Amino acid sequence: MTIDTDKINQTYRHHYHLMPESGWMNDPNGFSFFNNEYHLFYQHYPYDTMWGPMHWAHAVSPDLIRWTHKEIALKPDKAYDRNGVFSGSGLQVGSEHWLYYTGHIDSNLDFLYDENFKKRPEAAILASESHIRQVQCLAKSEDGVKYTKYEGNPVIGTDRVPAGIKVEDFRDPKVWIHANKFFMAVGAKSTENIGHVLFYVSSDGIDWEYLNLLTLGKNFGTVWECPDLFELDGKHVLLFSPQEKPRVGNDFENIHSSMALIGSFDYSTGEFTVEGEQEIDQGFDFYAPQSTLTADGKRVMIAWMNMWDMRYPLHELGHGWNGSMTLPRELSLKNGRLIQRPHHAIENYQEQKVELSDFAISGHYGNDSLNGDSQRIDIQFDMEDSSYFSIDFFKGKNEKFALTFYKDRNQMVLDRKESVYVIENLACKNDYSRSQSIDLSGSIKLSIFLDVSSIEIFVNDGELVFTSLFFSEEMGDCVSFYSKGRTHVNKLLKWMIS
């Protein structure tokens, strides 16, 4: 399939989230501030709405909300990256913008795609055993538009991979500067299929030395993708996305997860001491988060708002685009836990405020002023006199996205099965709900962002976040409530977001 970019279906496109202009999008890359604007690159296949040989698409923003696309920054056109310019990071070095990425080689992809990266129409004959190698590479720019690959690439080849680590699963470099030295975290998998992060150090960002590694064992997934290490509120935080991490109760319900480790990093030895760990997002569609420092010194994170091994309607329906990014989220620590709040810049796009306060919901409740598919709803409520409370979004005659609170078991549940264009988990049938334990004995605060085909729910000022997609055939925009007993609403605020 080759996309007709003049016929991109607009039905499910967001109003205030970054999407590809056309084609496929996955991991955020190179998230950074350079030349007085924010840069966000992403994994991109221009010719279809499913994964193919990866390019780096490029968008810029003055405020992390409104993005403008630039030309594609990097293509797989060298011997060391001929089958894909995989994920990585960006930072300012002197007056230049440096991008670090993984060069990907896969002999099977040589058969599947032609020299222009387009899928061959005939059935490809695959090699009996694919030859895969991944190396770390560098590209530079003086203007933040055109990027030139370093002539000495790769800067970290397979000879710098420690024993016991698979050279075919060695990717996603995150680079930062500390005390005039460059440090790099790289995701990896061992020969025993256990996830790792490898740490490297360099005096100039070009010649790198292996420093140390971190692993938590087989119960924490296979390859650890997209690591990101930074300081926050007096601690070090390591983000990463472990694939195939086993489920633990209500946590890690997705096939692939995203985690944060809280602790301390010793820059002299490369040892990360873990003090706490948590899942970052409890919803269906969140992966490969990457952070940057804002111009005013805040730590902000963005993630891919999709998930691997799922069947998404945008591809099945031929809409010409597939993938999007979450809202930018400002990070902080509270009681040793990572807290996420929507970046304040979104408030500049909120309008038509509706405010309701001090009322009770018993049975069904609806209010036309609360309807919409591109809006923010902040609600504070308590269930002292109720046992069950639900809010339905994107509601039509036969479809809805349901958020339900069960007081008897202190649990909140997200359910998206009531949709014509159901999003299917290819590895697990009937996987349509996500849940989390929550104390319902006191007041609950929610900040909910709807954007045509997505929802992000921030619980209790960002202690929990649920991110999910939802594709309604009816394009319902009704928001309705139901309570068994009396649920008291202290305050409800709603804004349209344009």
Side-chain angles (χ1 to χ4, degrees), residues 10-17 282-285 305 312-314 317 319 324 327 350 352-356 359-381 383 386-406 411-424 430-436 444-459 465-487 489 491-498:
Q10 302 293 317
T11 303
Y12 298 116
R13 287 183 71 80
H14 307 294
H15 292 159
Y16 56 94
H17 288 79
Q282 283 69 41
F284 295 90
D285 299 292
M305 195 160 55
Y312 287 101
L314 293 179
L317 297 171
H319 280 216
S324 47
L327 275 176
Q350 297 173 184
Q352 301 177 40
K353 180 180 178 181
V354 174
E355 183 171 355
L356 306 174
F359 67 101
I361 296 175
S362 181
H364 292 280
Y365 174 79
N367 184 326
D368 288 348
S369 69
L370 303 179
N371 294 344
D373 69 355
S374 180
Q375 60 183 355
R376 173 179 184 170
I377 296 175
D378 285 5
I379 181 172
Q380 184 172 349
F381 65 91
M383 296 179 66
S386 62
S387 60
Y388 174 103
F389 180 55
S390 67
I391 312 174
D392 294 337
F393 304 97
F394 303 118
K395 189 172 183 180
K397 185 177 180 181
N398 300 303
E399 296 176 296
K400 66 180 181 181
F401 187 103
L403 171 62
T404 306
F405 297 85
Y406 298 89
Q411 190 174 49
M412 61 182 294
V413 178
L414 231 59
D415 192 311
R416 64 177 180 186
K417 68 176 177 292
E418 293 190 46
S419 169
V420 172
Y421 299 135
V422 66
I423 300 171
E424 293 185 74
N430 301 315
D431 178 43
Y432 304 129
S433 67
R434 291 289 178 269
S435 55
Q436 193 67 203
I444 301 298
K445 295 172 67 176
L446 306 176
S447 287
I448 303 160
F449 292 82
L450 307 177
D451 194 0
V452 183
S453 55
S454 71
I455 185 168
E456 290 168 270
I457 304 168
F458 296 79
V459 183
V465 188
F466 291 78
T467 302
S468 297
L469 298 173
F470 186 78
F471 301 99
S472 165
E473 182 188 47
E474 299 172 326
M475 297 301 292
D477 69 351
C478 180
V479 177
S480 66
F481 303 79
Y482 178 76
S483 176
K484 290 182 181 178
R486 291 169 57 85
T487 296
V489 178
K491 181 174 283 189
L492 192 156
L493 301 171
K494 177 253 177 138
W495 301 264
M496 300 298 292
I497 303 179
S498 58

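Keep in mind the model is a prediction, meaning the values are calculated, not measured.
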Check step by step if side chain to side chain contact (heavy atoms under 4.5 Å, CB included) holds for V354 and N367. CA-CA 11 Å; V354 174; N367 184 326; over 6 Å; no

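- Relative orientation of the Y365 and F359 rings is tilted, given thresholds of 30° and 60° on the angle between their planes.
- To the nearest 0.5 Å, the span separating CD1 on I444 from CE on M412 amounts to 8.5 Å.
- Under a 3.5 Å cut-off, the side chain of N371 and the backbone N or O of V479 do form a donor-acceptor pair.
- Under a cut-off of 6.0 angstrom, the local environment of CZ in R486 is sparse, with at most 12 non-hydrogen atoms contributed by other residues, nucleotides or ligands.
- Summarising the geometry, atom SG belonging to C478 is positioned 12.0 Å from atom CZ belonging to F394; distances are rounded to the nearest 0.5 Å.
- Of the possible polar contacts, one joining the E474 side chain to the E399 backbone as a donor-acceptor pair under 3.5 Å is found.
- Judged by distance alone, the side chain of K494 and the main-chain N or O of Q375 form no donor-acceptor pair under 3.5 Å.
- Listed by chain and number, the residues in a ring pair (Phe, Tyr, Trp, His ring centres under 6.0 Å) with Y421 amount to none (sequence neighbours excluded).
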Run the side-chain hydrogen bond (donor to acceptor under 3.5 Å, both in side chains) test on S324 and H14 for me, step by step, so that the C-alpha distance in whole Å, both residues' side-chain angles and the decisive distance to 0.1 Å come before the verdict. CA-CA 8 Å; S324 47; H14 307 294; 3.1 Å; yes

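- Applying the side chain to side chain donor-acceptor pair (under 3.5 Å) rule to Y388 yields no partners; only residues at least two apart in sequence or on another chain are considered.
- The backbone N or O of I497 lies less than 3.5 Å from a partner atom in the side chain of S374, making a donor-acceptor pair.
- With S468 contributing its side chain and I455 its backbone, the two residues share no donor-acceptor pair below 3.5 Å.
- To the nearest 0.5 Å, atoms CG (D477) and NZ (K395) are separated by 12.5 Å.
- Side-chain atoms of L446 and I391, non-hydrogen and from C-beta on, do get closer than 4.5 Å to each other.
- With contacts defined as side-chain heavy-atom distances shorter than 4.5 Å, the pair R416/L469 qualifies.
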Any chance you could lay out the side chain to side chain contact (heavy atoms under 4.5 Å, CB included) test for V452 and R13, step after step, and finish with the verdict? CA-CA 7 Å; V452 183; R13 287 183 71 80; over 6 Å; no

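- Across every non-hydrogen atom of L450 and Y16, the tightest pair is O-OH, 2.6 Å.
- Rounding to the nearest 0.5 angstrom, the gap separating the OH atom in Y312 from the OG atom in S453 is 11.0 Å.
- By the side-chain contact (heavy atoms from CB on, under 4.5 Å) test, E418 pairs with K400, sequence neighbours left out.
- Of the inter-residue distances, the one linking K397 atom NZ with E473 atom CD reads 12.5 Å to the nearest 0.5 angstrom.
- In this view, F401 and F470 satisfy the ring pair (Phe, Tyr, Trp, His ring centres under 6.0 Å) rule, not counting sequence neighbours.
- Checking side-chain atoms of Y12 against main-chain N and O of S454 turns up no donor-acceptor pair under 3.5 Å.
- At least one cation-pi condition fails for R434 and F466: the charged atom is not both under 6.0 angstrom from the six-membered ring centre and inside a 45 degree cone around its axis.
- The minimum heavy-atom distance linking T11 with M475 is given by the pair O-CE, 3.6 Å.
- A 4.5 Å side-chain heavy-atom check between M305 and E456 finds at least one atom pair inside the cut-off.
- Annotation: side chain of V489 is in contact with side chain of I379 (closest heavy-atom distance under 4.5 Å).
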Output, in order, the C-alpha distance, side-chain angles, deciding distance and verdict of side-chain hydrogen bond (donor to acceptor under 3.5 Å, both in side chains) for D378 and S447. CA-CA 4 Å; D378 285 5; S447 287; 3.0 Å; yes

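- I423 places none of its side-chain heavy atoms less than 4.5 Å from the side chain of F284.
- Atom CG of D392 is separated from atom OH of Y482 by 11.5 Å, given to the nearest 0.5 angstrom.
- Evaluation of the ring pair (Phe, Tyr, Trp, His ring centres under 6.0 Å) rule for Y432 yields no partner, not counting sequence neighbours.
- Between T487 and S483, the closest heavy-atom pair is OG1-OG, 2.8 Å.
- With hydrogens and angles ignored, the 3.5 Å screen pairs a side-chain donor or acceptor of D451 with a backbone N or O of H15.
- Taking Q352 as the reference, nothing meets the side chain to side chain donor-acceptor pair (under 3.5 Å) condition, with sequence neighbours excluded.
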